[in-house]
Amino acid sequence: MSTLFSPARRRRTLRATAAALALSAALVTAGCGASDRSDGGAPGASAAAGFPVTVDNCGVKTTYDKPPSRVVTIHQHPAELMLALGLEDRMVGTAFPDSAVLPELRKAYEAIPELAEREPSFEKILDAEPDFVYGGYGSAFAENEGRSRKAFADAGIDTYLNREYCGEKRITMEDTYAEIRTVAGIFGVPDRADDLVADLRGRVDKASAAVKGEAKVPVFVYDSGDKSAFTAGGKGLGTDLIRLAGGENVFGDLDEVFGDVSWEQVVERRPEVIAIYDYAGAGSVEQKKKFLLSQPALADVPAVRNKRFVVLPLTATLVGIRSAHAVGDLARGLHPASFR
């Protein structure tokens, strides 16, 4: 694989690590009481309403007697989810941004120290003195890099892994809503989750209603790769985003979150639209388009022949607050006539 698309190797490692960590889907096993923005489990609060809260996350069961007060997020989508819940006062470090931060969150995000461009070392995280680490990909807790969840637990630090990388079931938008509610429960702010979920669900419902009754458009997700194609499989959220937008992932039968397929398979499945995932270090969108359009073997693929591309930031395709926005962007790209 060329150096232009070498991040695909890194992303394979992220997902392989996630599979190794996976034991069960995340769910809250104890309820949370009501709270509001003014004092919902704020650091230093004398009482924590609704606690204790017990969460079983990828097989790691944790009981919280009070909300965490010093949080490090590894990868961008956990950071944005925290910020969307108004929890910036708890965040003492971020790491590994994939895409430009949402404009409405940018100021708050930039005020939080960035510990590393990629995953920070265990020691670097300890320097921030967190009591909670929230990872987006499985590589956040890579044992071979000294960041296992056990290592953090031994250091007295709680951890949480984005449920998309628990690895046991296909992920849908309902998991996004559940992720938001679980994190809000850990921090004692369930009312904020109600508001955020209602907003995101409304966005999705509006986009889906606009394309209701339209024929499903075959979609190929192009993440990266030249000798083979690194694409979204049926286990990840991307497949459900495509479905909600009035499309069908041509590799929805791939039993992985992401995986490699051959270009011959892409040709055989004749996608009508290609969704290009955009993220730092994987080559620009224009480079990816140029590559696809320059391959003689792909010339008769309808999406290539008609130059039908939809570009999505990688962060928008993951379990986090952007996925609802991605449904709308996809729907417009797949069924433009429905939005005129």
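Bear in mind the structure is a predicted one, so any value in this text is a computation, not a measurement.
Taking both residues in full, the closest heavy atoms of Ala316 and Leu241 are given as O-CD1, 3.8 Å, listed atom of the first, atom of the second, then distance. Across all non-hydrogen atoms, the minimal contact from Phe51 to Asp65 is CB-O, 3.4 Å. When every heavy atom of Glu179 is checked against every heavy atom of Asn162, the shortest pair comes out as OE2-CA, 3.4 Å. Scanning all heavy atoms of the two residues, the minimum distance from Ala128 to Val92 falls at O-CG2, 3.8 Å.
Both Tyr177 and Val189 are part of a single hydrophobic cluster, where members link through side-chain heavy atoms under 4.5 Å apart. Two different hydrophobic clusters hold Leu244 and Phe339 under the rule that ILVMFWY side chains link at heavy-atom gaps under 4.5 Å. Linking ILVMFWY side-chain heavy atoms closer than 4.5 Å, directly or via other members, places Val319 and Ile242 in a single hydrophobic cluster. By the rule that hydrophobic residues join a cluster once side-chain heavy atoms approach within less than 4.5 Å of another member, Leu318 and Val257 end up as members of one cluster.
A salt bridge is defined here as a Lys NZ or Arg NE, NH1 or NH2 lying under 4.0 Å from an Asp or Glu carboxylate O, and Lys124 with Asp127 fails to meet this definition.
Applying the side chain to side chain donor-acceptor pair (under 3.5 Å) criterion to Lys150, with sequence neighbours excluded, gives Asp154. Gln76 meets the side chain to side chain donor-acceptor pair (under 3.5 Å) test with Glu80; sequence neighbours excluded.
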Quiz item: Run the side-chain contact (heavy atoms from CB on, under 4.5 Å) check on Val72 and Phe132 step by step: do they pass?
Solution: CA-CA 7 Å; Val72 168; Phe132 183 86; over 6 Å; no

Exercise. Evaluate the side-chain contact (heavy atoms from CB on, under 4.5 Å) criterion for residues Trp263 and Gln295: first the C-alpha distance (whole Å), next the side-chain angles of each, then the deciding distance (0.1 Å), finally the verdict.
Key: CA-CA 10 Å; Trp263 291 111; Gln295 301 306 301; over 6 Å; no

Practice problem: Walk me through it: do Leu196 and Asp194 pass the test side-chain contact (heavy atoms from CB on, under 4.5 Å)? | Solution: CA-CA 6 Å; Leu196 182 55; Asp194 292 341; over 6 Å; no

Self-check item: Worked verdict on Phe96 versus Glu117 for side-chain contact (heavy atoms from CB on, under 4.5 Å)
Solution: CA-CA 5 Å; Phe96 211 150; Glu117 292 183 1; over 6 Å; no

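No option in Tyr137, Tyr277, Tyr279 other than Tyr137 meets the side chain to side chain donor-acceptor pair (under 3.5 Å) test with Asp98. Arg163 pairs in a side chain to side chain donor-acceptor pair (under 3.5 Å) with only one of the listed residues (Thr182, Asn57, Thr176), which is Thr182.
Heavy-atom neighbours of Gln265 CD from other residues, nucleotides or ligands within 6.0 Å: above the threshold of 12. More than 12 heavy atoms of other residues, nucleotides or ligands shown are found within 6.0 angstrom of NZ on Lys216.
Within the 6.0 Å centre-distance limit, the rings of Phe258 and Phe230 are counted as a close aromatic pair.
With rounding to the nearest 0.5 angstrom, the OH atom of Tyr64 is 9.5 Å from the OG1 atom of Thr54. The distance from the CZ atom of Arg149 to the CG atom of Asp158 is 9.5 Å, given to the nearest 0.5 Å.
Side-chain contact of Ser139 with Glu119: a donor-acceptor pair under 3.5 Å is present, judged by distance alone. A donor-acceptor contact closer than 3.5 angstrom is absent between the side chains of Ser69 and Arg90.
No cation-pi contact links Arg147 to Phe122, judged by a cut-off of 6.0 Å to the six-membered ring centre and 45° from its axis.
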